[in-house]
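Each chain gets a letter, A, B and so on, in the order its sequence line appears, and its residues count up from 1. Just so we're clear, the structure is a prediction, and the values are computed from it rather than from any experiment.
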There are 2 protein chains.
Amino acid sequence: MEKQTITIYDVAREANVSMATVSRVVNGNPNVKPATRKKVLEVIDRLDYRPNAVARGLASKKTTTVGVIIPDVTNMFFSSLARGIDDVATMYKYNIILANSDENSQKEVQVLNTLLAKQVDGLIYMGHDISDSIRQEFSRSKTPIVLAGSVDPDEQVGSVNIDYVAAVEAATTRLIDSGNQKVALVTGPLAQPINGQYRLQGYKQALAKAGLAYDESLVFESEASYHAGLAMFKQLQKAGATAALVGDDELAFGVLDGALDEGISVPADFELITSNNTKLTEMARPQMTSIDQPLYDIGAVAMRLLTKMMNKEDIDAKTIRLGFDITTRKSTK
Amino acid sequence: MEKQTITIYDVAREANVSMATVSRVVNGNPNVKPATRKKVLEVIDRLDYRPNAVARGLASKKTTTVGVIIPDVTNMFFSSLARGIDDVATMYKYNIILANSDENSQKEVQVLNTLLAKQVDGLIYMGHDISDSIRQEFSRSKTPIVLAGSVDPDEQVGSVNIDYVAAVEAATTRLIDSGNQKVALVTGPLAQPINGQYRLQGYKQALAKAGLAYDESLVFESEASYHAGLAMFKQLQKAGATAALVGDDELAFGVLDGALDEGISVPADFELITSNNTKLTEMARPQMTSIDQPLYDIGAVAMRLLTKMMNKEDIDAKTIRLGFDITTRKSTK
DNA sequence: TGCTATACTAAAAACGATTATGAGCAAAAA
DNA sequence: TTTTTGCTCATAATCGTTTTTAGTATAGCA
């Protein structure tokens, strides 16, 4: 128990150079003679010196850390995004401060502020609902921000997503084309733009193109949980729906099991398309047909976009729209 | 676009006090006259001052940040732990730096080092496999560390887990008691202590107590994925197993669907118990009986233990063993 | 009135890096 | 030989806090 922390100053002294030189070799600055560099590296190794990132952050005003606000890590949709984010973050030598928000705007604002206090170089925000309070915080912050997997109606900040309108329209059309007159739409709160604006719009467009009337009683709001889906099926049945487009995989899994538990055969008597194409879609029996959002990629691209913003590189477009697909499995005819 | 960052010095000047005084009111130090405190708070509010956590971290040598090493956020088992960790972390005003390791020891060591460079106040490590390299890093680090959901054979660091031996023994016994002569054990790599030592031991104990011979051909190693489970079932069948204890829910889900896909009826012709009691167990049809590890709690307790260590409080026990249960559902008779 | 105790506040020194600025020196050019 | 050029490297300022040290003002007391 001899020494405490060993600092750049210690290695400078041991190596008979100045701290500036040590700093240079640590940071790979080329202005160091190979012999000197070697000497310094040896001392670093011998002393087991590890640069203090906090001090470095203070001096350089860069923390190589980005904040990630996530509704709930436990939700496969978001954790898939998070995985993409983390992978490209480490690729670019950034670390991730992860904070769960429960999509509660008060918590979000608070979290955002502690993240900014910690001087993160950038922020990634996940969550469908961009409350006014958080939007306000966004706009007065100088820190680069990008939204992953959700849409920013006024394009203040960067965002990466898919064309939800088109995706839902395509999926709904598929359901209509296979003979369903009454296709239900089951999503999260319509107050959230992704549901109330985009998904609903896509749904209506599909209906309109097929010459079907829009029937409000076929639109269901629900939290995104398995149990909610289980309970939901009876309502769908009551409303006379013979097919449903569901906005979340867990929820869809619930609806599916709800149907099965009622003795309804899927897809023969009830067809279902879900939206996120997580692993869950393959675990269900029958496996679920799904809109295929490239979740991992959305996260990865969002982080990549953020790195560009942090580097002050030119961005062609703040909003990146990735392609989607519909993966056909066994829950549709 | 007038001012850059506003510092403690600015508010001191505006409020006609010293920076030390501002520091005191920000940190809730009682040695400040109420009137002064009020005045300072007003200025802070007016200038929209936000303390720089990096500078604070440098000066105080505390970052109120803990590092969390996780194999994969996308795995429900670990994300459940992570959620517990994050919740109590925020409760104690800590933030979480989350890093995926893929249970790759090289990555782990690297991640650990960058975390330490960032001066985290503590570390939580998840993962079944504690490689020698990581163990070595642990032992020469002065930073408090606790393991969540895994066992430390030499109790160098803190850890929170359940009694895996007893849990597996109980589950296996259950399977034997319901008439199965050939119970398979399906887990991750036996090289990992949790599998090769604890689970296997529990399994053997159950066998021994029931007077059954241990048959190596009934023990299967597998990665913890749904697809691996799907493929695994045929092997179980070939080995003549009529029941299985599976170490991971996704894997178990795969085994279950594998059985179903083969036309085997569960639990009539094949019984199954899984180990983690994640949401998945309820989604399966039939729902899966499971050892019930309190995942969220393990995470939460681990973080709580870590806070105590970081505060240098006395710890009664570095290893905390939580209780477990077996939740009976429909995959057992 | 003078002295001590009390209650705060001010100034300055860390904390451990980064980064201008410019000095020293050898090689090249004049 | 002298001047210029180009590398290397050292000095010192700076980043925004916390924390220690040294006060100062007020009040209490004899």
Side-chain angles (χ1 to χ4, degrees), chain A residues 3-41 43-44 47-65 93 114 116-121 142-143, chain B residues 3-41 43-44 47-65 93 113-114 116-121 142:
Chain A
K3 59 154 188 344
Q4 312 293 52
T5 43
I6 99 110
T7 76
I8 197 174
Y9 180 78
D10 297 318
V11 353
R13 178 169 32 72
E14 285 290 314
N16 287 311
V17 298
S18 75
M19 6 186 324
T21 303
V22 176
S23 174
R24 277 188 214 97
V25 352
V26 167
N27 294 301
N29 183 313
N31 284 2
V32 180
K33 201 166 21 175
T36 313
R37 178 186 304 279
K38 184 153 171 292
K39 182 175 58 175
V40 172
L41 285 176
V43 175
I44 286 180
L47 265 38
D48 198 23
Y49 165 70
R50 175 189 293 135
N52 180 324
V54 172
R56 188 201 301 243
L58 180 58
S60 68
K61 293 175 166 305
K62 289 191 177 151
T63 53
T64 60
T65 301
K93 314 265 184 222
T114 84
L116 291 176
K118 295 223 165 155
Q119 313 298 118
V120 294
D121 295 336
K142 201 67 186 113
T143 308
Chain B
K3 56 150 189 354
Q4 312 293 55
T5 43
I6 98 112
T7 77
I8 198 173
Y9 181 77
D10 297 318
V11 353
R13 178 168 34 70
E14 286 289 316
N16 287 310
V17 297
S18 74
M19 17 188 311
T21 304
V22 177
S23 174
R24 276 187 214 98
V25 352
V26 167
N27 294 301
N29 183 312
N31 284 3
V32 180
K33 202 165 23 176
T36 312
R37 177 186 305 278
K38 184 153 171 290
K39 181 175 58 174
V40 172
L41 285 175
V43 175
I44 285 179
L47 299 185
D48 198 23
Y49 164 69
R50 177 189 292 134
N52 179 323
V54 173
R56 190 201 299 247
L58 180 57
S60 68
K61 293 173 166 307
K62 291 194 176 151
T63 53
T64 60
T65 301
K93 314 265 185 224
N113 277 309
T114 85
L116 291 177
K118 295 225 165 153
Q119 312 298 117
V120 294
D121 296 337
K142 199 68 188 118

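Side-chain contact check for A:Thr65 and A:Lys118: no donor-acceptor pair (N or O, by modelled atom type) lies under 3.5 Å.
For B:Thr36, there are no side-chain hydrogen bond (donor to acceptor under 3.5 Å, both in side chains) partners at least two apart in sequence or on another chain. In this structure B:Glu14 satisfies the side-chain hydrogen bond (donor to acceptor under 3.5 Å, both in side chains) test together with B:Arg46, sequence neighbours excluded. The side-chain hydrogen bond (donor to acceptor under 3.5 Å, both in side chains) search around A:Lys61 returns none, not counting sequence neighbours. Looking at residues two or more places apart in sequence or on another chain, you find no side-chain hydrogen bond (donor to acceptor under 3.5 Å, both in side chains) involving A:Lys39. By the salt bridge (Lys or Arg N to Asp or Glu O under 4.0 Å) test, B:Lys62 is found to be paired with no residue, residues two or more places apart in sequence or in another chain being considered. Shown here are the side chain to side chain contact (heavy atoms under 4.5 Å, CB included) partners of B:Thr7, two or more places apart in sequence or in another chain: B:Tyr9, B:Asp10. Residues satisfying the side chain to side chain contact (heavy atoms under 4.5 Å, CB included) test with B:Ala59, not counting sequence neighbours, are none. Legend: residues meeting salt bridge (Lys or Arg N to Asp or Glu O under 4.0 Å) with A:Asp121, ordered by chain and number and at least two apart, are absent.
When the C1' atoms of four end pairs are superposed on the next four at each end of the helix from C:dT1-D:dA30 to C:dA30-D:dT1, using five pairs per end, the two resulting axes differ in direction by 60°, to 10°.
Taking only side-chain atoms of B:Lys33, from C-beta outward, the nucleotide of D:dT17, C:dT9, C:dG16 with the closest atom is C:dT9.
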**Study point:** Annotated protein contacts, base or backbone, on nucleotides 18-25 of chain C with a non-hydrogen cut-off under 4.0 Å, one of B, S, - each
**Key:** BB------

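Across all strands shown, B:Arg50 has heavy atoms under 4.0 Å from sugar-phosphate atoms exclusively, and none from any base. Heavy atoms of B:Val54 sit nowhere under 4.0 angstrom from any nucleic acid atom.
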Pull out every protein N or O sitting under 3.5 Å from an N or O of nucleotides 22-26 of chain D, one pair per line with the distance.
none

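Look at OH on B:Tyr9: it is 9 Å from P on C:dA11, rounded to the nearest Å. Atom NZ of A:Lys61 and atom C1' of D:dT14 are 9 Å apart (whole Å).
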Give every donor-acceptor pair under 3.5 Å between a side-chain atom in residues 16-31 of chain A and any protein atom, sequence neighbours left out.
unit_1	atom_1	unit_2	atom_2	d
A:Ser18	OG	A:Ala20	N	3.3
A:Ser18	OG	A:Thr21	N	3.3
A:Ser18	OG	A:Thr21	OG1	3.3
A:Thr21	OG1	A:Arg24	NH1	3.4
A:Ser23	OG	A:Asn27	ND2	3.3
A:Asn27	OD1	A:Arg56	NH1	2.9
A:Asn27	ND2	A:Ser23	O	2.9
A:Asn29	OD1	A:Asn31	N	2.8

